[in-house]
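First the structure, in the form of structure tokens, and then the observations on it.
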Amino acid sequence: MGNCIAGKRRTHGGYDAFMPTNVNGEADGQRLPGRGMGKKGRGTLQSMIRVGSLVFKAEPFGTHAGSRSPDETTQGDIDNATEKRTKLEQHKASTYDHVHQIVNIGIECYHRNSSSGKDECATENAKQLSGKVGLINMGNTCFMNSSLQCLSNTIPLTDYFLGYDYRSEINHENFLGTRGALSTSFAELIKHLWLGSERCYRPEDFKTKLEQFAPQFRGYEQQDAHELLAFLLDGIHEDLNRVKKRPYIEEKDCDGTNDEGDSILAWSNYLLRNRSIIVDMFQGQLRNTMTCRNRAKVSTDGTFGCGHCNVKFDPFMYLSLPISSNCRTLDDCLQLYCEEELLDGDEKWYCPKCESHVEATKKIDLWMLPPILIIHLKRFKFSSTGQRSKIDTPIGYSLNDWDLSNLKKSSGGSYPLYELYAVSHHRGNVGFGHYTAHAKNRFDGKWYDFNDSHVIDAFKENLGYDPSAYCLFYNRVERISNANGDVRTNTIIRRQSTNRPELWPHLQRSKVNEWKSVRSDNFVWKEGDDQGS
């Protein structure tokens, strides 16, 4: 295809990986393509570079067929390239939208080039495997395979590792991460799942890198899929944290009188220490309210307590929801999660006004929801004697148009309407169980059943109510109108930056003035708050 010329591929273990380039058109750390190889070799290498660089880098001169050579470049060409680079860099600092389009085209081009010399049927068969490659069970690793298939079908995340120069964001100074080892291994795995020519892949290298970051996953004992998800996303965040030096931030105690402003300030402070693709995609904000219920004091309204209230706004990467005997749907579980809870006995809270540990109420509210929402159902529990058991209660969940506006308490941000795209299942009991996954394919829109190395069509009718759903993955749907009035839906990932508050989930572009009204007069940007970071 004409949009996919002037690229390079590097071979890794039997497949060709997307490879980013520098602004001169050279592969980072590599020679220019085509030296020492025939025309066919040059054609093969010059196929995929646009996937890794078109949106974010100036187009090198002389890359399109029929264009002038560098010796024939005019000042007009230079001016045009400079203008294009400026626009692309501005785009980098806002969203990742165009990466999705580039990767869609790139995957098709990749399979077309990898099937060069073969018939159209071979090309189509290769493309049909995209996102439908199984993962070999290496011995009780179904928990990992299920989680990885769900993350692979988290399209914005896959787009990032296939079509964005993620290597440029690796934080080599962060001792909390793996200095890029885990993220690079995850990227290689994603390439196998979307660009591989085999029906299944053995994720041995990925497991080795994961064990180095999280030693609890060493060996081949059955583990928890949700725990794997939590550690993996945290590890990728630390690897790709765009903050090189984390400043000390003192937490501010809030009293509930200015929640909208306080939540924005809390998010601003959080971004001073944490900015990554994981924050951009998966992280939202909860409101945690503690209220004194000291029985030695009575408030003016007749309730116990001194009247002191403490509010904090905490980030979250997933919601772990309880299940009771009355829960029938995901909304029931969310309502239970947000119910007010009395803390007494050993759980008493220290009230700074009473200067003692007192009974208190704790209330958690959904404040700001992320573009990608992960729901973890707490199906495993421990008894008072320490015995572990499983809750097999069937829970109903929405596949489309899951509206959370009645539970989201902030008045800011995007409308919380979600669509399901993946589910991690656990079937069986605590001692003998098995993990599988369902996921919706980006190309054909069909649901597939991922059972380790086996991938088959799934019936949509079997989704939406079952006792095995363990982790559910939702895309937030935003409706966008173009100049013609046509409406389309999209999941927009806004790149979080300390100096671009109009992209924060609370404000978006139209509410930037609210930030000016709530920040303190002596607030200054911290060192390292560079544009687009």
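In what follows, residues are counted from 1 in the order of the sequence shown. Note that the structure is predicted; figures quoted are calculated from it, not measured.
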Should the pair [X]-[Y] be classified as a salt bridge under the 4.0 Å nitrogen-to-oxygen rule?
| X | Y | value |
| --- | --- | --- |
| K362 | E339 | no |
| E341 | K363 | no |
| E211 | K209 | no |
| D344 | K348 | no |
| D159 | R442 | yes |
| D239 | R179 | no |

Q: Check whether NZ of the Lys or CZ of the Arg K191 lies under 6.0 Å from the centre of the six-membered ring of F186 and within 45 degrees of that ring's axis.
A: no
Return all side-chain donor-acceptor pairs below 3.5 angstrom for residues 305-317, not counting sequence neighbours, or 'none' if the list is empty.
| unit_1 | atom_1 | unit_2 | atom_2 | d |
| --- | --- | --- | --- | --- |
| N310 | ND2 | D253 | OD1 | 3.3 |
| K312 | NZ | E251 | OE1 | 2.9 |

Q | Evaluation steps, side-chain contact (heavy atoms from CB on, under 4.5 Å), between F473 and V423 | A | CA-CA 6 Å; F473 296 73; V423 184; over 6 Å; no
Rounded to the nearest 0.5 Å, what separates atom [atom1] in [X] from atom [atom2] in [Y]?
| X | Y | atom1 | atom2 | answer |
| --- | --- | --- | --- | --- |
| L366 | M368 | CG | CE | 11.0 Å |
| L129 | S197 | CG | OG | 8.0 Å |
| L319 | L472 | CG | CG | 11.5 Å |
| F143 | D224 | CZ | CG | 9.0 Å |
| D449 | Q149 | CG | CD | 10.5 Å |
| F380 | E227 | CZ | CD | 11.5 Å |

Q: Give a yes or no on this: more than 12 heavy atoms of other residues, nucleotides or ligands lie within 6.0 Å of atom CD of E221.
A: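 Check fails, neighbour count at 12 or below.
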Short question: side chain of [X], backbone of [Y] - any donor-acceptor pair under 3.5 Å?
| X | Y | value |
| --- | --- | --- |
| S185 | L182 | no |
| R293 | E359 | no |
| R328 | S325 | yes |

What's the shortest heavy-atom distance between [X] and [Y], and which atoms?
| X | Y | result |
| --- | --- | --- |
| I107 | S130 | CG2-OG, 3.5 Å |
| N441 | N153 | CA-OD1, 4.3 Å |
| P371 | T491 | O-CG2, 4.1 Å |
| R275 | S497 | CD-CA, 4.0 Å |
| F161 | S183 | CE2-O, 3.8 Å |
| H376 | C471 | CD2-SG, 4.1 Å |

Q: Report the C-alpha separation of K446 and D457 in whole Å, then their side-chain angles, then the decisive distance to 0.1 Å, and conclude whether the salt bridge (charged side-chain N to carboxylate O under 4.0 Å, His left out) test is met.
A: CA-CA 8 Å; K446 296 180 180 179; D457 290 357; 5.3 Å; no
Q: Apply the test ring-ring contact (aromatic ring centres under 6.0 Å, His included) to residues H438 and F450: give CA-CA distance (whole Å), side-chain angles for both, the deciding distance (0.1 Å), then the verdict.
A: CA-CA 6 Å; H438 280 115; F450 296 85; 8.6 Å; no
Q: Check the pair D205, L189 against side-chain contact (heavy atoms from CB on, under 4.5 Å), reporting the backbone distance first and the verdict last.
A: CA-CA 9 Å; D205 180 67; L189 181 141; over 6 Å; no
Just checking, is any N or O donor in the side chain of [X] or [Y] under 3.5 Å from an acceptor N or O on the other one?
| X | Y | result |
| --- | --- | --- |
| S468 | H426 | no |
| S324 | N326 | no |
| N241 | N171 | no |
| H425 | T436 | no |
| Y421 | T154 | yes |
| N174 | E238 | yes |
| T178 | Q212 | no |

Q: Please test L404 against L373 for side-chain contact (heavy atoms from CB on, under 4.5 Å), starting from the C-alpha separation and ending with a verdict.
A: CA-CA 11 Å; L404 295 178; L373 178 61; 3.8 Å; yes
Q) Would you call the rings of Y160 and Y166 parallel, tilted or perpendicular if under 30° counts as parallel and over 60° as perpendicular? A)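 Tilted: the ring planes of Y160 and Y166 meet at 30° to 60°.
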Q) Got a sec, which residues hit side-chain hydrogen bond (donor to acceptor under 3.5 Å, both in side chains) with T329, two or more places apart in sequence or on another chain? A)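 D332.
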Q. Please walk me through it: do E260 and S411 pass side chain to side chain donor-acceptor pair (under 3.5 Å)?
A. CA-CA 8 Å; E260 295 290 347; S411 61; 3.0 Å; yes
Q. Going through the checks in order, is the side-chain contact (heavy atoms from CB on, under 4.5 Å) test met by W504 and I264?
A. CA-CA 8 Å; W504 296 352; I264 294 172; 3.8 Å; yes
Any side-chain heavy atom of [X] sitting closer than 4.5 Å to one from [Y]?
| X | Y | answer |
| --- | --- | --- |
| R476 | I372 | no |
| Y220 | M138 | yes |
| R246 | L272 | no |
| T95 | I493 | no |

Q: Could you tell me which residues satisfy salt bridge (charged side-chain N to carboxylate O under 4.0 Å, His left out) with K132, sequence neighbours excluded, listed by chain and number?
A: D444
Q. Taking only residues two or more places apart in sequence, or in another chain, which ones meet R202 in a salt bridge (charged side-chain N to carboxylate O under 4.0 Å, His left out)?
A.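 Expected list: E204.
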Q. ring-ring contact (aromatic ring centres under 6.0 Å, His included): which pairs involve residues 384-419, sequence neighbours left out?
A.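 Sorted pair list: W402-Y474.
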What donor-acceptor contacts under 3.5 angstrom involve side-chain atoms of residues 278-289, with partners at least two apart or in another chain?
| unit_1 | atom_1 | unit_2 | atom_2 | d |
| --- | --- | --- | --- | --- |
| D280 | OD1 | R242 | NH2 | 3.4 |
| D280 | OD1 | Q496 | N | 3.0 |
| D280 | OD2 | Y96 | OH | 2.7 |
| D280 | OD2 | R242 | NH1 | 3.3 |
| D280 | OD2 | R242 | NH2 | 3.4 |
| Q283 | OE1 | Y270 | OH | 2.6 |
| Q283 | NE2 | Y270 | OH | 3.4 |
| Q285 | OE1 | H506 | NE2 | 2.6 |
| Q285 | NE2 | S263 | O | 3.2 |
| R287 | NE | D365 | OD2 | 3.3 |
| R287 | NH1 | D259 | OD2 | 2.8 |
| R287 | NH2 | D365 | OD2 | 2.9 |

**Q.** Pair Y435-Q223, side chain to side chain donor-acceptor pair (under 3.5 Å): steps then yes or no
**A.** CA-CA 10 Å; Y435 285 97; Q223 302 276 2; over 6 Å; no
